[in-house]
*Asks:* 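Before I ask anything, here is the structure I am working with.
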Amino acid sequence: ELEWAGGESGEIKYLEFRAEDLRGRYRGKDISVGGALLAERVRLEDDRLSARRVTTDGLDLRAGDNRVRLVADLSDVPARARGSAWLLGEFVDNKDLGDWLMPPPATTSRAAKLSDADSDALRKSADAWIAQAKEFLVAAELDLRFRLDRVNAYDATVAQTYDVRRVVGQLDVRQGAAKLGYVGAVCGGIARSDIAVNLKDATPMVAVSGSLSDLIATESIQPQIAQFFPGNTVQGYFNRREQVQYPLRDALCRALDPRWPLRPAGEAKTVTIDGLLRGRAAPRFVANLFPGLNLAEYPYQRMTGFTEFRADGTAENDMIFSGKTYDIYIEGTTDADNIGRYEIGLILLGSPQTPEMNHRYRPGRIPILKWEARIEGGRLYDEEVSYPWPNETLGVVFLKNNLFYRIWLNAKKP
């Protein structure tokens, strides 16, 4: 139902759309719409549709198993959008909706590298999207709240789907600055995330701050651990806090093509409870010096891992393991090509020092072996193991981990 003003303006004074279980099929998926939508002062100028006001008190939308209800009151859409909206959902599957609305391109094999032409096309597409979003959002003031009973959250980095319950969040847009925050229950624990981006910046950056608290280390959680710490099987709980940022253009390019490298910069801290570390055995003389030490299968009570992400794609890791007999450490880097180079050793000074203190000052560390390998899919390939010479061990103890040097090094950090 609508009323047209007539004349050259072609303005529609009001337009009301009502549907009761209107059904159809789009891209192979059953869809349905129910409820009412009211729009006032609708205009079409230069192939652009606008409305003075758009409201709905409950628009039910279904696509396959996905079902949400929208309640909204918006004005000056889309040029200077103002207002608020509520999105209430029974079930949402992010991968199902993403593949349905934006089918992945046929040429996304990770085996084939991006060509220069592909990279240029991706950059142009991302820049066009940013320019369009900036045009509509720089003057916007929007408040979108959502509550979803259940979400199938797909994590492409580990090819796992997680059943997240009672997701509550909010998206605020204020003159080009967007902030998204949400919290939900997963694997017996809590997942939180805050994401912010400012489109007014010359180079918009995505800032992400997230945490996973007391997640039970189920089978689906193990790949999350393995992508950072291969060979580490957790039997208790998994915790992680992360603060990183990366260019918005890279995030969009990655969304369009998974082969595009996304290299965040920032830091993370991971804590796991009750686990088993599998690796290479230490030399026999080490076992003679430290009876009961078995690096081939090392059960531990707690692992605290510190990670620093660099903009060049390198991740610097330092992990401290608290065992029943001996404490050990693993430190090194994984570069942008997923080549890991690490050192494994003993911590002769255990309690009462904290993992944070050991990470900062590294007292009592004795290197035992070094390994280099390619890390892919949470596994090690082309692994090479070597043992440090006595002079290398002395260099680590008295130079690299010298207390005064570590104090000076930490004092330089911001």
*Asks:* Salt bridge (Lys or Arg N to Asp or Glu O under 4.0 Å): which pairs involve residues 224-244, sequence neighbours left out?
*Replies:* Arg240-Glu242
*Asks:* Could you list the residues that satisfy side-chain contact (heavy atoms from CB on, under 4.5 Å) with Thr218, not counting sequence neighbours?
*Replies:* Cys187, Ile216, Ser220, Ile221
*Asks:* What verdict does the side chain to side chain donor-acceptor pair (under 3.5 Å) test give for Asn232 and Tyr300, after you've listed the backbone C-alpha separation in whole Å, the side-chain angles of each residue and the deciding distance to 0.1 Å?
*Replies:* CA-CA 10 Å; Asn232 183 5; Tyr300 64 85; 2.7 Å; yes
*Asks:* Go through Tyr162 and Asn152 one step at a time and tell me if the side chain to side chain donor-acceptor pair (under 3.5 Å) criterion holds.
*Replies:* CA-CA 6 Å; Tyr162 297 95; Asn152 269 7; over 6 Å; no
*Asks:* Taking Asp318 as the fixed residue, which of Arg365, Lys269, Arg360 is the one that meets the salt bridge (charged side-chain N to carboxylate O under 4.0 Å, His left out) rule?
*Replies:* Arg365
*Asks:* Among pairs that include at least one residue of residues 18-32, which meet salt bridge (Lys or Arg N to Asp or Glu O under 4.0 Å), considering only residues two or more places apart or in two chains?
*Replies:* Glu16-Arg18, Asp21-Arg23, Arg25-Asp30, Lys29-Asp96
*Asks:* Taking the side chain as everything from C-beta on, heavy atoms only, tell me whether Val234 gets closer than 4.5 Å to Ile273.
*Replies:* no
*Asks:* Are any of the side-chain heavy atoms of Leu114 and Leu122 separated by less than 4.5 Å?
*Replies:* yes
*Asks:* Answer whether the closest heavy-atom distance between the side chains of Ile320 and Met303 falls below 4.5 Å.
*Replies:* no
*Asks:* Please report the C-alpha distance between Asp163 and Arg165 in whole Å, then the side-chain angles of each, then the deciding distance to 0.1 Å, and finally whether the salt bridge (charged side-chain N to carboxylate O under 4.0 Å, His left out) criterion is met.
*Replies:* CA-CA 7 Å; Asp163 183 11; Arg165 304 295 180 104; 2.9 Å; yes
*Asks:* List the steps and the verdict of side chain to side chain donor-acceptor pair (under 3.5 Å) for Ser213 and Asn239.
*Replies:* CA-CA 5 Å; Ser213 304; Asn239 298 268; 4.9 Å; no
*Asks:* Measuring only between side-chain heavy atoms, which start at C-beta, is Phe321 closer than 4.5 Å to Ile347?
*Replies:* no
*Asks:* Please tell me whether Asn317 and Tyr342 have a donor and an acceptor in their side chains that are separated by less than 3.5 angstrom.
*Replies:* yes
*Asks:* Find the distance between CZ (Phe238) and OG1 (Thr272) and round it off to the nearest 0.5 Å.
*Replies:* 8.0 Å
*Asks:* In chain order, what residues pass the side-chain contact (heavy atoms from CB on, under 4.5 Å) check against Thr314, with sequence neighbours excluded?
*Replies:* Arg310, Asp312, Thr333, Asp335
*Asks:* Which residues pass the side-chain contact (heavy atoms from CB on, under 4.5 Å) test with Pro223, sequence neighbours left out?
*Replies:* Val158, Gln160
*Asks:* Output yes when a side-chain donor or acceptor of Tyr298 lies under 3.5 Å from a complementary backbone atom of Tyr326, and no otherwise.
*Replies:* yes
*Asks:* At what distance, to the nearest 0.5 angstrom, does CD1 of Ile130 lie from CG of Leu248?
*Replies:* 4.0 Å
*Asks:* Looking only at atom types and distance, does a side-chain atom of Trp100 sit under 3.5 Å from a main-chain N or O of Tyr26, one as donor and one as acceptor?
*Replies:* yes
*Asks:* List for me each residue that meets side-chain contact (heavy atoms from CB on, under 4.5 Å) alongside Asp60, sequence neighbours excluded, and say none if there are none.
*Replies:* Arg67, Arg69
*Asks:* Is Arg43 reaching over with its side chain to a backbone N or O of Arg52, donor-acceptor style, under 3.5 angstrom?
*Replies:* no
*Asks:* Can you tell me if CG on Asp149 sees more than 12 non-hydrogen neighbours from other groups inside 6.0 Å?
*Replies:* yes
*Asks:* Measure from the side-chain N and O atoms of Gln243 to the backbone N and O of Gly210, and report whether any donor-acceptor pair falls under 3.5 Å.
*Replies:* no
*Asks:* Return the set of residues passing salt bridge (charged side-chain N to carboxylate O under 4.0 Å, His left out) with Asp93 (not counting sequence neighbours), or none when no residue passes.
*Replies:* none
*Asks:* Between Gln222 (side chain only) and Ala217 (backbone N and O only), is there a donor and an acceptor less than 3.5 Å apart?
*Replies:* yes
*Asks:* More than 12 heavy atoms of other residues, nucleotides or ligands under 6.0 Å from CZ of Arg147: is that the case?
*Replies:* no
*Asks:* Under the salt bridge (Lys or Arg N to Asp or Glu O under 4.0 Å) rule, what pairs show up with a residue in residues 210-219, not counting sequence neighbours?
*Replies:* none
*Asks:* Taking the side chain as C-beta and beyond, is there a heavy-atom pair between Phe91 and Leu148 under 4.5 Å?
*Replies:* no
*Asks:* Would you give the length of the straight line joining atom CG of Leu37 to atom CG of Leu70, rounded to the nearest 0.5 angstrom?
*Replies:* 8.5 Å
*Asks:* Could you give the distance from CG (Leu59) to CG (Leu38), rounded to the nearest 0.5 Å?
*Replies:* 12.0 Å
*Asks:* I need the full list of salt bridge (Lys or Arg N to Asp or Glu O under 4.0 Å) pairs touching residues 125-137, with sequence neighbours left out, sorted by first then second residue.
*Replies:* Arg48-Glu135, Asp127-Arg249
*Asks:* In chain order, what residues pass the salt bridge (charged side-chain N to carboxylate O under 4.0 Å, His left out) check against Arg263, with sequence neighbours excluded?
*Replies:* none
*Asks:* Kindly compute the distance separating CD (Glu372) from CD1 (Ile375), expressed to the nearest 0.5 Å.
*Replies:* 10.5 Å
*Asks:* Side chains of Glu1 and Tyr14: is there a donor and an acceptor less than 3.5 Å apart?
*Replies:* yes
*Asks:* Would you confirm whether Asp274, through its side chain, and Gln235, through its main-chain N or O, come within 3.5 Å as a donor-acceptor pair?
*Replies:* no
*Asks:* Which pairs pass ring pair (Phe, Tyr, Trp, His ring centres under 6.0 Å) with one or both residues in residues 43-86, sequence neighbours excluded?
*Replies:* none
*Asks:* Under a 3.5 Å distance rule, please check whether Asp155 uses its side chain to pair with a backbone N or O of Thr157 as donor and acceptor.
*Replies:* yes
*Asks:* For the residue pair Thr270 and Thr304, establish whether any side-chain heavy-atom pair is separated by less than 4.5 Å.
*Replies:* no
*Asks:* Please say whether more than 12 non-hydrogen atoms of neighbouring residues, nucleotides or ligands are located less than 6.0 Å from CD in Glu267.
*Replies:* no
*Asks:* Does any N or O in the side chain of Arg379 come within less than 3.5 Å of the main-chain N or O of Glu376, such that one atom is a donor and the other an acceptor?
*Replies:* no
*Asks:* Is there side-chain contact between Lys13 and Glu40, with heavy atoms separated by less than 4.5 Å?
*Replies:* no
*Asks:* Report the C-alpha distance between Lys370 and Glu343 in whole Å, list the side-chain angles of each, state the deciding distance to 0.1 Å, and finish with yes or no for salt bridge (charged side-chain N to carboxylate O under 4.0 Å, His left out).
*Replies:* CA-CA 4 Å; Lys370 298 185 292 184; Glu343 173 185 287; over 6 Å; no
*Asks:* Output, in order, the C-alpha distance, side-chain angles, deciding distance and verdict of side chain to side chain donor-acceptor pair (under 3.5 Å) for Asp116 and Ser119.
*Replies:* CA-CA 5 Å; Asp116 292 340; Ser119 298; 5.4 Å; no
*Asks:* Taking C-beta and beyond as the side chain, do Asp73 and Arg53 meet within less than 4.5 Å on heavy atoms?
*Replies:* yes
*Asks:* Evaluate the criterion salt bridge (charged side-chain N to carboxylate O under 4.0 Å, His left out) for residue pair Arg254 and Asp250; output intermediate values, then yes/no.
*Replies:* CA-CA 6 Å; Arg254 179 64 171 262; Asp250 287 350; over 6 Å; no
*Asks:* Only pairs under 3.5 Å count here: list side-chain donor-acceptor contacts from residues 167-182, not counting sequence neighbours, and write none if there are none.
*Replies:*
{"residue": "Gln170", "atom": "OE1", "partner": "Arg145", "partner atom": "NH1", "Å": "3.2"}
{"residue": "Gln170", "atom": "NE2", "partner": "Asp143", "partner atom": "OD1", "Å": "3.0"}
{"residue": "Gln170", "atom": "NE2", "partner": "Asp172", "partner atom": "OD1", "Å": "3.0"}
{"residue": "Gln170", "atom": "NE2", "partner": "Asp172", "partner atom": "OD2", "Å": "3.3"}
{"residue": "Arg174", "atom": "NH1", "partner": "Leu142", "partner atom": "O", "Å": "2.8"}

*Asks:* Working to the nearest 0.5 angstrom, can you tell me the gap between Asp118 CG and Asp257 CG?
*Replies:* 7.0 Å
